[in-house]
Amino acid sequence: MSTPAYTTDEMMTVSASRLLRNGAVCFVGIGLPSTAANLARLTHAPEAVLIYESGPIGAKPPVLPLSIGDGNLADTADTVVSTPEIFRYWLQGGRVDVGFLGAAQLDRFANLNTTVIGDYHKPKTRLPGAGGAPEISSSAKEVLIIARQSKRTFVQKLDFITSVGHLTGGDSRAKLGLPGKGPTAVITDLCILRPDPTTRELMVTHIHPGVTRETILDKTGWVVQFSEDCHETDLPSEHELQTLRDLHQRTAEAHGVVGAEA
Amino acid sequence: MAHWTSLSEAVRTHIHDGDTVALEGFTHLIPFAAGHEIIRQGIRDLSLIRMTPDVIYDQLIGAGCARKLTFSWGGNPGVGSLHRLRDAVEQEWPHALELEERSHADLANAYVAGAANLPFSIMRGYSGSDLPKFNTQIRTIRCPFTGEELAATPAVRPDVAVIHAQKADAKGNVLLWGIVGVQKEAVLASKRAIVTVEERVENLEAAENACVLPGWVVDAVCLVPHGAHPSYAHGYYDRDNVFYRQWDSISRDRESFLAWIKHYILETSDFAEYERRLMATAGQVVNA
């Protein structure tokens with residue numbers, strides 16, 4: 001089989017989708033997480049249960065939603081509940097296996113900032129804010145994070161911790177007494193990072209084919225470490241790529257454009 | 001008790017300068033027509049509450065109606081920033097905007113507490129987050145049974161809730177379905193409630209457990225077909241994603257925003273005329 005040509009975004013989405021196991025109950029963020037979660041559902045994880053914070057449980061959207069509350073999420077869900085119920089009974093109630101999040105900024109302990117760049121009261125850039133992320137990151141049994149890697153996104157120090165990852169590392173998250181174990185992987189267009197079992201600092205464990213260590217170092221705001229058994233990520237399969245491209249094509253036809261975040 | 005009335009009469013009667021107002025609807029059934037009417041009537045100093053400010057609060061904030069915003073996610077869904085919200089926060093235009101920032105889970109819980117006539121809500125949340133450092137209303141409480149420390153936040157108790165729904169009958173009983181968000185809680189948490197609907201029907205034909213708000217918890221019901229545009233009404237029309245994208249350029253600078261507000265809201269008498277103007281200029285707006 002010839003090596004399929006693919007984009008770095010496709011590599012990121014495919015490798016993120018592989019981490020969602022079949023049957024997992026997944027609380028899905030809009031954009032990149034939603035694309036990866038739906039690719040998983042359409043490939044190896046047909047029994048994955050996708051929950052969106054607007055209320056649909058078991059959504060099976062035929063095309064990617066543009067907003068977190070698109071009608072096709074409700075149409076295809078097993079049930080649609082109110083927003084309070086989603087957060088109270090299903091997330092806080094401990095029913096969610098995986099929280100799948102994006103991030104404007106993250107640090108070496110996978111803490112997330114979606115609130116503000118600069119001073120809170122005199123912001124350089126006002127970001128959208130918390131949404132469901134603080135409670136997803138604390139209550140989901142584990143958290144997957146997907147983000148394109150750059151020094152703007154992967155920063156030495158966050159201006160604001162919106163949603164806690166592994167806080168200051170070590171046992172600092174455990175001391176908070178949160179129900180979930182926090183971020184278990186960060187998937188980017190260059191690599192996959194996982195927290196070190198002891199320090200909880202993100203380490204590169206998989207490098208996407210063709211990406212150099214220098215590029216990863218150059219696009220990370222701290223001196224990122226590589227795990228000793230760092231692997232090359234498996235190439236996207238023809239099936240994964242075709243399924244993803246078909247999904248984007250259907251989405252473009254339905255919405256008149258390619259999804260807001262491809 | 002619900003009274004069928006025009007939207008302009010409902011807003012004039014129930015929303016006053018300085019009120020705390022929640023226009024709710026989670027992506028779906030956003031009461032845009034009511035938001036426009038608030039702008040048209042020049043109501044000022046509102047303390048606005050909404051989980052997802054969306055384009056509707058971008059319009060109200062840019063038009064100078066708001067003094068304060070309580071919210072949990074302020075973006076243009078699927079598009080990017082809310083430029084008018086950002087301009088108010090970053091540049092204090094058209095004037096300063098006080099922010100009370102919370103998380104989705106918190107605000108959803110706070111509406112439940114308000115509807116239940118409780119002073120505060122309790123939840124497991126905010127641990128490790130910086131939000132409580134900047135919003136001193138986010139506090140903690142110790143469980144008297146287990147000793148667990150939990151987040152405690154004030155209930156949401158608006159003066160007025162405004163929602164859009166699919167149907168209401170002659171008595172003003174309201175039926176909504178699909179993604180129902182926090183609308184029921186918002187109405188029950190508020191002193192007064194205005195509901196705009198797609199359709200007035202003889203019989204709601206609602207299933208026993210459907211989301212129905214009895215007419216006696218609603219003050220005004222107004223027939224405003226398409227009143228949720230550019231959001232959507234399940235079973236009636238789809239989300240106008242093109243408009244949401246266009247809003248990004250319309251709202252990006254102050255002049256084009258003000259021109260839009262003038263042409264489509266201030267110079268129109270009601271939502272029907274807004275719609276006629278939108279249709280008349282559809283081609284131009286698309287190419288703008």
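All values below come from the heavy atoms of this structure, side chains included, with hydrogens, waters and symmetry mates left out. Residue numbering restarts at 1 for every chain, and letters A, B, ... go by the order of the sequence lines.
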Legend entry - Residue pair V80(A), I179(B): steps toward the side-chain contact (heavy atoms from CB on, under 4.5 Å) verdict: CA-CA 6 Å; V80(A) 182; I179(B) 289 170; 4.1 Å; yes
Legend entry - Heavy-atom check, side chain of V164(A) versus side chain of S127(B), under 4.5 Å: no
Legend entry - Heavy-atom closest contact (Q92(A) atom, R124(B) atom, distance): OE1-N, 2.8 Å
Legend entry - Pick from G69(A), A77(A), A133(A), G177(A) with the largest number of heavy-atom pairs that fall under 4.5 Å of chain B: G69(A)
Legend entry - Side chain to side chain, S103(B) and E135(A), heavy atoms closer than 4.5 Å: yes
Inset, instruction - Give a yes or no on whether the backbone of T162(A) and the side-chain of S129(B) come within a donor-acceptor separation of less than 3.5 Å. - result: yes
Legend entry - Separation of S121(B) OG from R88(A) CZ (nearest 0.5 Å): 8.0 Å
Inset, instruction - Please round to the nearest 0.5 Å and tell me the distance separating atom OH of Y244(B) and atom CG of L66(A). - result: 11.5 Å
Inset, instruction - Output the distance between atom OG (S67(A)) and atom OH (Y232(B)), rounded to the nearest 0.5 Å. - result: 6.5 Å
Inset, instruction - Might you confirm whether atom CZ of R250(A) has over 12 heavy atoms from other residues, nucleotides or ligands at distances under 6.0 Å? - result: yes
Inset, instruction - Please indicate whether R254(B) has more than 12 foreign heavy atoms, meaning atoms of other residues, nucleotides or ligands, lying under 6.0 Å from its CZ. - result: yes
Inset, instruction - For K151(A), look at atom NZ and say whether over 12 heavy atoms of other residues, nucleotides or ligands are found less than 6.0 Å away. - result: yes
Inset, instruction - Could you check if a side-chain atom of D75(A) sits within less than 4.5 angstrom of a side-chain atom of H234(B), using non-hydrogen atoms only? - result: yes
Legend entry - Residue V182(B) versus chain A: region with a heavy atom under 4.5 Å: both
Legend entry - Straight-line distance of T83(A) OG1 to Q183(B) CD, nearest 0.5 Å: 7.0 Å
Legend entry - Interface residue of largest heavy-atom contact number with chain A, from G75(B), G125(B), S231(B), G181(B), under 4.5 Å: G181(B)
Inset, instruction - Go through T125(A), L91(A), L112(A) and name the one with the most non-hydrogen pairs under 4.5 angstrom from chain B. - result: T125(A)
Legend entry - Interface residue of largest heavy-atom contact number with chain A, from G74(B), C211(B), G80(B), under 4.5 Å: G74(B)
Legend entry - F87(A) side chain reached by D106(B) side chain, heavy atoms, under 4.5 Å: no
Legend entry - Selection from A74(A), S137(A), A130(A), P84(A) maximising heavy-atom pairs under 4.5 Å formed with chain B: P84(A)
Inset, instruction - Verify the neighbour count for atom CH2 of W177(B): are there more than 12 heavy atoms of other residues, nucleotides or ligands below 6.0 Å? - result: yes
Legend entry - Under 4.5 Å from a heavy atom of chain B, the part of P179(A) involved: side chain
Legend entry - Side chain, backbone, both or neither of N113(A) within contact of chain B (heavy atoms, under 4.5 Å): neither
Inset, instruction - Among A151(B), P77(B), G235(B), A105(B), single out the residue with the greatest number of heavy-atom pairs under 4.5 Å to chain A. - result: A105(B)
Legend entry - Max heavy-atom pair count under 4.5 Å with chain A, selected residue of N241(B), L107(B), V180(B): N241(B)
Legend entry - Rounded distance (nearest 0.5 Å) linking atom CE of M123(B) with atom OG of S138(A): 8.0 Å
Legend entry - Nearest heavy atoms of R126(A) and R86(B), plus distance in Å: O-CD, 3.4 Å
Legend entry - F71(B), part contacting chain A, at a heavy-atom distance under 4.5 Å: side chain
Inset, instruction - Under 4.5 Å heavy-atom distance to chain A, tell me which part of E185(B) shows up: side chain, backbone, both or neither. - result: side chain
Legend entry - Region of L85(B) that comes under 4.5 Å of a non-hydrogen atom in chain A: neither
Inset, instruction - Would you check if the side chain of Y120(A) reaches a backbone N or O of F134(B) as a donor-acceptor pair within less than 3.5 Å? - result: no
Inset, instruction - Assess whether side-chain contact (heavy atoms from CB on, under 4.5 Å) is satisfied between R239(B) and D70(A), documenting all intermediate values. - result: CA-CA 8 Å; R239(B) 191 171 188 269; D70(A) 273 17; 3.9 Å; yes
Inset, instruction - Using a cut-off of 6.0 Å, state whether more than 12 heavy atoms not belonging to Y89(A) lie near its atom OH. - result: no
Legend entry - Side chain, backbone, both or neither of P134(A) within contact of chain B (heavy atoms, under 4.5 Å): side chain
